[in-house]
Visitor: 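Sharing a structure here in structure tokens format.
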Amino acid sequence: MSFPLLTATAALPAIGAIATAAVPAARRTAAKWLALLFSLGTLVLASVVFLRFEPGGDRYQLTESRAWIADFGVRYELGVDGIGVALLGLTALLIPFVIVAAWHDADPLETKSTRWRPTQGFFALILMVEAMVILSFVATDVFLFYILFEAMLIPMYFLIGGFGDRAHAGTDESAATQRSYAAVKFLLYNLAGGLIMLAAVIGLYVVAGSFSLSEIAEARANGSLEMATSTERWLFLGFFFAFAVKAPLWPLHTWLPNAMGEATAPVAVLITAIVDKVGTFAMLRFCLGLFPEASKWATPVVITLALISIVYGALLAVGQRDIKRLIAYASISHFGFIILGIFAMTSQGQSGATLYMVNHGISTAALLLVAGFLITRRGSRLIADYGGVQKVAPVLAGTFLIGGLATLSLPGLAPFVSEFLVLVGTFSAYPVAGIIATSGIVLAALYVLVLYQRTMTGPVQESVRSMPDLRARELAVAVPLIAVLIFLGVFPKPLTEVVNPAVEHTMSDVQKKDPQPEVEAAK
């Protein structure tokens with residue numbers, strides 16, 4: 001029996017969560033170091049998965065399969081493809097930075113001894129989310145994926161509602177009320193999507209007689225699986241609705257600005273850079289893989305919604321007064337690009353969408369975490385409360401600028417490659433959609449540069465005059481993320497050579513080929 005590498009990669013942070021939660025109340029620092037150690041161990045295992053993955057090999061590799069609920073045909077089945085391994089790597093890479101950035105976010109405000117262990121619980125919840133997200137990226141049993149898709153909502157709910165942002169303009173009571181509202185809204189929206197998906201999962205089992213992706217694909221290939229057109233479309237809608245909520249896609253996006261605004265900056269990174277990627281990943285694996293004809297049928301509507309997300313999110317970002325809500329609306333715009341690339345159904349579009357998931361995760365983490373350091377110093381999320389920061393904290397301002405430039409996809413930084421591929425893939429199939437999507441680039445430049453101008457340049461406000469620059473712990477977060485952005489911006493090959501074969505499989509599922517350019521014959 002081969003070593004169950006995928007199970008070990010997901011199990012390690014789960015074990016770490018239990019161990020961290022069990023640390024005595026008085027040993028908060030030990031709990032933090034233990035959580036960081038387990039996250040680094042997970043990164044090592046994820047690196048082994050990445051290195052052992054063969055881009056030209058089988059579609060699903062490092063597979064594991066065990067009976068789970070045999071009476072209902074549910075199996076514990078795991079396997080990783082090129083898209084899954086890229087997102088698994090993203091998750092394992094970001095969690096250590098999230099933990100280091102959140103080092104003091106859950107420290108008790110009171111110094112007196114207490115039996116309550118908020119610090120231990122906070123870091124245990126982060127590790128539990130990591131375990132569930134990793135498993136969701138490698139689950140090849142639909143029911144197993146559904147369980148993980150729903151279960152990760154529980155720790156996220158407590159991270160948003162129980163450990164909210166302390167830089168709040170209102171009273172403690174109003175801040176707690178808004179955190180509770182954001183957490184409940186997050187939970188209700190995603191639970192509603194999950195319940196609709198559950199009905200579709202049951203319907204899929206009734207039609208296909210299996211939850212296994214490999215068995216369903218085999219049955220489709222040999223002609224033993226016949227799915228009526230109307231049935232396939234209804235099942236597609238059930239899955240897609242849940243993933244569109246998670247992504248989030250307009251008009252199901254409204255929970256995201258509330259959740260990111262009220263959460264701490266590291267938890268906001270956890271939401272938009274990691275957890276939300278499960279939705280867009282699942283569109284590729286399940287919507288296109290299980291319901292290819294329905295996916296093509298829904299393409300015009302999905303592309304329209306994606307375009308609305310791009311423009312609407314960017315416009316609202318321009319008008320924001322809250323730093324974190326601005327980044328939240330920018331993320332809605334970016335998720336529109338990702339979904340546009342997926343449903344353009346070209347190899348460039350889908351490769352770009354997958355790279356966009358990874359690059360958006362890194363760039364958003366860099367910008368949000370540095371913004372969190374800024375907000376912690378001033379105690380306010382309002383843009384108007386800043387000004388002239390670059391004169392008193394130049395390193396903080398510089399890293400904030402690089403994170404912002406990555407967000408607007410500046411050439412030479414990682415998101416440019418993915419956004420370029422999405423637009424090229426969209427132009428080749430839907431030229432009008434490509435033109436509309438390009439407006440998102442212009443608006444991104446506007447909201448990022450205006451944000452930087454209003455917070456970092458101009459006269460030094462009295463409230464920021466004594467603001468310290470980034471400390472060693474904060475530099476340990478910002479500098480490596482910026483280095484990764486630059487590296488993948490000039491050398492994306494390590495990701496593209498892993499992702500492209502998986503995209504070819506997805507294109508084969510939907511029986512689509514790239515449009516051929518029209519070239520006039522030479523006279």
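This one's a predicted model, so the numbers in the text were calculated from it and none came from an experiment.
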Visitor: Kindly indicate whether the side chain of F240, heavy atoms from C-beta on, has any atom under 4.5 Å from the side chain of F286.
Guide: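 No, side chains not in contact.
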Visitor: Ignoring hydrogens and geometry, is there a side-chain-to-backbone donor-acceptor pair from S439 to I435 under 3.5 Å?
Guide: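 Looks like no, no N/O pair under 3.5 Å.
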Visitor: Does some side-chain heavy atom of L188 sit less than 4.5 Å from a side-chain heavy atom of W255?
Guide: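 A side-chain contact is absent here, since even the closest heavy-atom pair is not under 4.5 Å.
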Visitor: Decide if the gap between the ring center of F335 and the ring center of Y356 is smaller than 6.0 angstrom.
Guide: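 Ring centroids of F335 and Y356 are no less than 6.0 Å from each other.
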Visitor: Could you tell me whether a side-chain N or O of T354 sits under 3.5 Å from a main-chain N or O of V499, the two making a donor and an acceptor?
Guide: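 No, T354 side chain to V499 backbone: no donor-acceptor pair under 3.5 Å.
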Visitor: If only side-chain N and O atoms count, and only distance matters, is there a donor-acceptor pair under 3.5 Å linking Y312 with S333?
Guide: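 No, because no side-chain N or O of S333 sits under 3.5 Å from a partner of the opposite role on Y312.
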Visitor: Side chains of Y452 and Q390 only: does a donor on one sit below 3.5 Å from an acceptor on the other?
Guide: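 Checked: Y452/Q390 side chains pair up, N/O donor to acceptor below 3.5 Å.
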Visitor: Can the ring centres of F281 and F137 be said to be less than 6.0 Å apart?
Guide: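 Aromatic pair counts; centres sit under 6.0 Å.
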Visitor: Going through the distances and angles, do Q320 and Y329 end up as a side chain to side chain donor-acceptor pair (under 3.5 Å)?
Guide: CA-CA 9 Å; Q320 288 303 304; Y329 280 110; 4.8 Å; no
Visitor: Look only at the side chain of D322 and the backbone of L382, and say whether a donor-acceptor pair between them is shorter than 3.5 Å.
Guide: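 It does not hold such a pair.
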Visitor: Are the side chain of T272 and the backbone of A268 linked by a donor-acceptor contact shorter than 3.5 Å?
Guide: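 Looks like no, no N/O pair under 3.5 Å.
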Visitor: Only counting residues at least two apart or in another chain, list the ones meeting side-chain contact (heavy atoms from CB on, under 4.5 Å) with R378.
Guide: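 If we apply the side-chain contact (heavy atoms from CB on, under 4.5 Å) test to R378, skipping adjacent residues, the hits are S380, D385, Y386, S463, V464, M467.
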Visitor: Flag the pair E474 and R377 as a salt bridge only when some basic side-chain nitrogen lies within less than 4.0 angstrom of an acidic carboxylate oxygen.
Guide: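 A salt bridge links E474 with R377.
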Visitor: Without swapping roles, check the side chain of Q348 against the backbone of S428 for a donor-acceptor pair under 3.5 Å.
Guide: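 No; judged by distance alone, with no hydrogens or angles, the pair does not exist.
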Visitor: Mind checking whether F158 and F163 have ring centres under 6.0 Å apart?
Guide: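 No - the distance between ring centres of F158 and F163 does not fall below the 6.0 Å cut-off.
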Visitor: Given F236 and L290, is the side-chain contact (heavy atoms from CB on, under 4.5 Å) satisfied, shown in steps?
Guide: CA-CA 8 Å; F236 166 85; L290 294 174; over 6 Å; no
Visitor: Please confirm whether the backbone N or O of G194 pairs with a side-chain atom of K246, one donor and one acceptor, at under 3.5 Å?
Guide: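 Not at all, since once roles are kept as given, no pair shorter than 3.5 Å links the two residues.
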Visitor: Less than 4.5 Å apart, any side-chain heavy atom of I160 and any of M260?
Guide: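 Sidechains of M260 and I160: no contact.
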Visitor: Run the salt-bridge test on E262 and R381 with the 4.0 Å N-O cut-off and return the result as yes or no.
Guide: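 Counted as a salt bridge, because a side-chain N and a carboxylate O are separated by less than 4.0 Å.
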Visitor: So which of I310, L443, L446 actually passes side chain to side chain contact (heavy atoms under 4.5 Å, CB included) with L315?
Guide: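 Among the candidates, only L443 passes.
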Visitor: Can a donor-acceptor pair be found, under 3.5 Å and without considering hydrogens, that links the side chain of R285 to the backbone of A139?
Guide: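 Yes, the answer is positive, given that a donor and an acceptor are paired below the 3.5 Å cut-off.
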Visitor: Check whether S309 reaches the backbone of G336 with its side chain - one donor and one acceptor, N or O, closer than 3.5 Å.
Guide: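 No: the side chain of S309 does not pair with the backbone of G336.
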Visitor: Quick check: do S295 and M345 have side-chain heavy atoms less than 4.5 Å from each other?
Guide: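 Touching, per the 4.5 Å side-chain cut-off.
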Visitor: Are H360 and F337, when compared by the centres of their aromatic rings, separated by less than 6.0 Å?
Guide: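 No - the distance between ring centres of H360 and F337 does not fall below the 6.0 Å cut-off.
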Visitor: Between F291 and F239, does a ring-ring contact (aromatic ring centres under 6.0 Å, His included) hold up when you go through it step by step?
Guide: CA-CA 10 Å; F291 316 110; F239 277 80; 5.3 Å; yes
Visitor: Taking N359 for its side chain and A414 for its backbone only, find out whether a donor-acceptor pair lies under 3.5 Å.
Guide: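 Indeed, once roles are kept as given, a pair shorter than 3.5 Å links the two residues.
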